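A short worksheet on the structure shown next.
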Amino acid sequence: MDCLFCKIAGGQINAAFVHQDERLLAFKDINPQAPLHVLIVPRRHIATLNDLGPADDALVGSMFRRAAAIAAEHGYAERGYRTVFNCQRDAGQTVFHIHLHLLAGRGLRWPPG
Ligand code: 5GP
Ligand code: ZN
């Protein structure tokens, strides 16, 4: 399958990993939008949030818990951070393999652009 994040999961494309386990990867975004910008990605290919089923509830929960752990490891637990899933075109999704953005290290505006 011609999927960038499947290729990173398979080791065909390099990434700056901050975490790997049997279900999840986490690596630095190549075009960071904050001092800390990490993508939390399931190893299994799921194209968009629209493709999640009830059996994926634990997987998605583990993505958020991993984001919180990585934020804490980098010292942002108290100061704060943002987690974002972009879904489809209007939200700006460009890689169609779900990923949770973790952004930290600067004041983040609301509402987002
Ligand atoms: P989306 O726009 O789909 O929510 O987010 C995709 C993210 O993947 C973008 O923030 C983009 O910078 C990042 N990205 C695209 N290509 C690569 C790559 O080859 N390596 C890494 N580490 N991140 C990438
Ligand atoms: Zn994929």
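Every number for a ligand or one of its atoms is a count from 1 in the order of the listing. Numbers here simply count residues along the sequence, with the first being 1. Just so we're clear, the structure is a prediction, and the values are computed from it rather than from any experiment.
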Taking 4.0 angstrom as the limit and counting only heavy atoms of [X], give me the atoms of ligand 1 inside it, by number and element.
X     : value
Phe5  : 8 (O)
Phe27 : 22 (N)
Asn31 : 12 (O)

Verify the cluster assignment for [X] and [Y]: are they in a single hydrophobic cluster under the rule of side-chain heavy atoms below 4.5 Å apart?
X      : Y      : answer
Leu108 : Leu102 : no
Leu36  : Ile40  : yes
Leu39  : Ile98  : no
Val60  : Leu49  : yes
Leu100 : Phe27  : no

(message) Please report the interatomic distance NE2(His99) to CG(Leu4), rounded to the nearest 0.5 Å.
(response)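 The NE2 atom of His99 sits 9.5 Å away from the CG atom of Leu4.
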
Could you check whether any side-chain N or O of [X] sits under 3.5 Å from a backbone N or O of [Y], counting only pairs where one atom can act as donor and the other as acceptor?
X     : Y      : answer
His97 : Pro42  : yes
Arg82 : His101 : no
Arg43 : Asp21  : yes
Arg23 : Met63  : no
Gln93 : Val95  : yes

Is [X] close to ligand 1, meaning an N/O of one under 3.5 Å from an N/O of the other?
X      : value
His101 : yes
Ile8   : no
Gln93  : no

(request) Under 4.0 Å, heavy atoms only, figure out whether ligand 1 is touched by the backbone of Leu39, its side chain, both or neither. (result)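 It is the side chain that gets close, since no backbone atom is under 4.0 Å.
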
(request) Report yes or no: does a heavy atom of Phe17 sit under 4.0 Å from some atom of ligand 1? (result)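 Contact check Phe17 vs ligand 1: negative.
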
(message) Less than 4.0 Å is my threshold; does some heavy atom of Ala15 fall inside it relative to ligand 1?
(response)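 The answer is no, since Ala15 has no heavy atom less than 4.0 Å from ligand 1.
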
Protein heavy atom at shortest distance from [atom]:
atom                    : result
atom 1 (P) of ligand 1  : His99 NE2, 3.1 Å
atom 16 (N) of ligand 1 : Leu4 CD2, 3.2 Å
atom 24 (C) of ligand 1 : Ile30 CG2, 3.4 Å
atom 9 (C) of ligand 1  : Asp29 OD2, 3.3 Å
atom 3 (O) of ligand 1  : Thr94 N, 2.7 Å

(request) Only pairs at least two apart or in different chains count here, so list each salt bridge (charged side-chain N to carboxylate O under 4.0 Å, His left out) that has a residue in residues 48-62. (result)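 Listed once each, the pairs are Arg44-Asp56.
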
(message) Under 2.8 Å from the Zn ion (ligand 2), which protein N, O or S atoms do you find? Ignore water molecules.
(response)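 Per the 2.8 Å query on the Zn ion (ligand 2), atoms found are Cys3 SG, Cys6 SG, His45 ND1, His97 ND1.
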
(request) For atom 22 (N) of ligand 1, state which one of Gln88, Lys28, Gln33 supplies the nearest heavy atom. (result)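 Nearest heavy atom to atom 22 (N) of ligand 1 lies in Lys28.
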
(request) Check each of Val41, Asn14, Ile13 against Ile8 using the side chain to side chain contact (heavy atoms under 4.5 Å, CB included) test, and report the only one that passes. (result)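 Testing each of Val41, Asn14, Ile13 against Ile8, the sole residue satisfying side chain to side chain contact (heavy atoms under 4.5 Å, CB included) is Ile13.
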
